[in-house]
Structures are given as structure tokens and as C-alpha cells.
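We use all heavy atoms of the structure for the numbers below, so side chains are in, but hydrogens, waters and symmetry mates are not.
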Amino acid sequence: MALQSEHTFPRHSHDHFGIGVISQGAQRSWSLLGQVEAGPGDVIIVNPGEVHDGMPLQGARSWQMVYLDPELLWQELCMERSCVDVVLKPLVKDHSLSHRLFQLFHAIHQARIEPGFLEETLLQCLMYLCHHHLLTLAFPPNITPTIQRAKQYLDDAPSHQTSLSELAMLCGLSRFQLLRGFAREVGMTPHAYLMQLRVREARRWLAKGNNVADAAVMSGFADQSHLTRAFSRQLGITPARYQKAILL
């Protein structure tokens, strides 16, 4: 993914590893280490499940990002290092790594490129990253059983219309206790978490070729405009533009 934007992204998370580099401008974002600032040439990384946001500093910023299935990365790294859990630093200032990533993104955009060269370039970036910028800490953070019950309920049926009262009753908490506990342990409110799940669902339906209106209904949104607002807020682009890009 390549994007230039002044958009401020709300707190959210991804199922995949995201590894990229800032090419122009700068941004401030929340990460598992707290607030970090990234500028030109800095490598930005998102771990699966890591809650983060992003706001521009002094105008638009540009970045390129590649998203990786965590299982694939874990398999490669475990063969290399005999370890199970991989947590990468959310911000890396390393000229050698950023140069390798710029080479990777340049290769990706070439009309004709040897698949073997692209594969090697990506793996070299990952090997360098994992050898030099692994982070050792407990992640994801522990979630209490009560809040995990609410989170799992939303995970299991994101298109279901769920109220805060319903979740609170399920967990045996007051609405205030649930709201405070969920935001503290998950990193965002139950509603924000639910919107994130629905946007992910919409992305899957769009990737299968469904139109935006149908994707909205199947993902639990009231209508197409509701999906478009939530989608644009989280990803910085409209559902239609997203679908056009991935189905090219």
C-alpha cells in the first residue's frame, strides 16, 4: 500500500504485520511503547493486534507499507531462530533497513520483475529486521476474563447489533465499568472496536467483488454511507477506491 494523506487515523489494530517506510513528511502515532514520531526514512511497524493511531505533523505525509500474514513470518523466523513469538519495534531509525525497503517497494512497482528477485528482497528485509529490531516484552497485553468475554462476543458476531447494556449484562458489569475496563485493556471503546471489526468484514466482502452497498449490509452497517464514513475514517480512503485498487 502506498498513500499520501493528511488524514488522522483513530486507534485501531490489524491482523497482519505491517512494515513500511516514511518517504515524505512526518507523523505522530500511539504504539505498544507509547507515543512515537516518525519522519522521512524512518521505518514504521505494526504488530498483529497492536493498537495504534496516526496523525500528520505539519502537513501531509507519504508512506509505503507491506502487510504480511503473521503465520508466514513466524514460520520463517522459527526456522531461523527457534522462537515462537515475534514482536517488532514500532519505530526503527535504521538507514540500511530503510534503503532495503525502498528497494523492495521500487521493485514491487516495476511492470516486469523477476519473482525470485522480489522474494529475495522481501526476505532480506525481514531477516535484517528480525535480527536487529526484535522487541522483547509481553505482547499482546493480558486481558481480564471479563473483558475478554465482551471482546470475544464482538469478535464472534461483528454484524450483530449490540448495545453497551447488552455487553455489560453479559459480563456482569455496569456500563461504566465495562466502558472503562474495555478502553483500558483493549485500547479503544467497545463501539470503536466493533466498527473496526465491521470495516474488516467489509474489506473481505469488497475483495470478493461485492458492491459497496451489499458489503455494507453484510458487514452490519446501516447503509452504504455509514460504511463509507467508517471505512474512510479508519483507512483514509473510500470503500470504492479501495476495491478498485485491490481488484486491478
Measure the spacing between [atom1] of [X] and [atom2] of [Y] and express it to the nearest 0.5 Å.
X	Y	atom1	atom2	result
Thr146	Lys151	OG1	NZ	14.5 Å
Asp53	Met188	CG	CE	9.5 Å
Leu154	Gln152	CG	CD	9.5 Å
Glu120	Met127	CD	CE	8.5 Å

Would you name the heavy atoms of [X] and [Y] that are closest together and state the gap between them?
X	Y	result
Tyr242	Arg203	OH-NE, 3.2 Å
His16	Leu68	CB-O, 3.2 Å
Lys93	Glu37	NZ-O, 3.9 Å

May I ask you to check whether over 12 heavy atoms, not counting those of [X], lie within 6.0 Å of atom [atom1]?
X	atom1	answer
Arg200	CZ	yes
His160	NE2	yes
Gln110	CD	yes

Is the ring pair His14/Tyr67 parallel, tilted or perpendicular, if the boundaries are 30 and 60 degrees? tilted
Do side-chain atoms of [X] reach the backbone of [Y] as a donor and acceptor pair under 3.5 angstrom?
X	Y	value
Gln196	Ser13	yes
Glu50	Leu32	yes
Ser98	Asp42	no
Ser29	Gly54	no

With side chains defined as the heavy atoms from C-beta onward, is the minimum distance between [X] and [Y] less than 4.5 Å?
X	Y	answer
Leu33	Pro90	yes
His133	Tyr128	yes
Phe105	Val66	yes
Val199	Phe221	yes
Pro48	Asp15	no

Aromatic centroids of His7 and Phe9 separated by under 6.0 Å: yes
Just one of Met1, His109, His106 clears the side-chain contact (heavy atoms from CB on, under 4.5 Å) bar with Gln64, so which one? His109
Using side chain to side chain contact (heavy atoms under 4.5 Å, CB included) as the criterion, list what pairs up with Met55, not counting sequence neighbours. Thr8, Arg28
Leu164: partners by side chain to side chain contact (heavy atoms under 4.5 Å, CB included), with sequence neighbours left out: Arg175, Leu178, Pro190
Is it true that Glu201 and Arg198 have a side-chain N and a carboxylate O under 4.0 angstrom from each other? no
I would like to know whether Ile108 and Leu122 meet side chain to side chain contact (heavy atoms under 4.5 Å, CB included); could you show each step before the answer? CA-CA 10 Å; Ile108 288 174; Leu122 173 59; over 6 Å; no
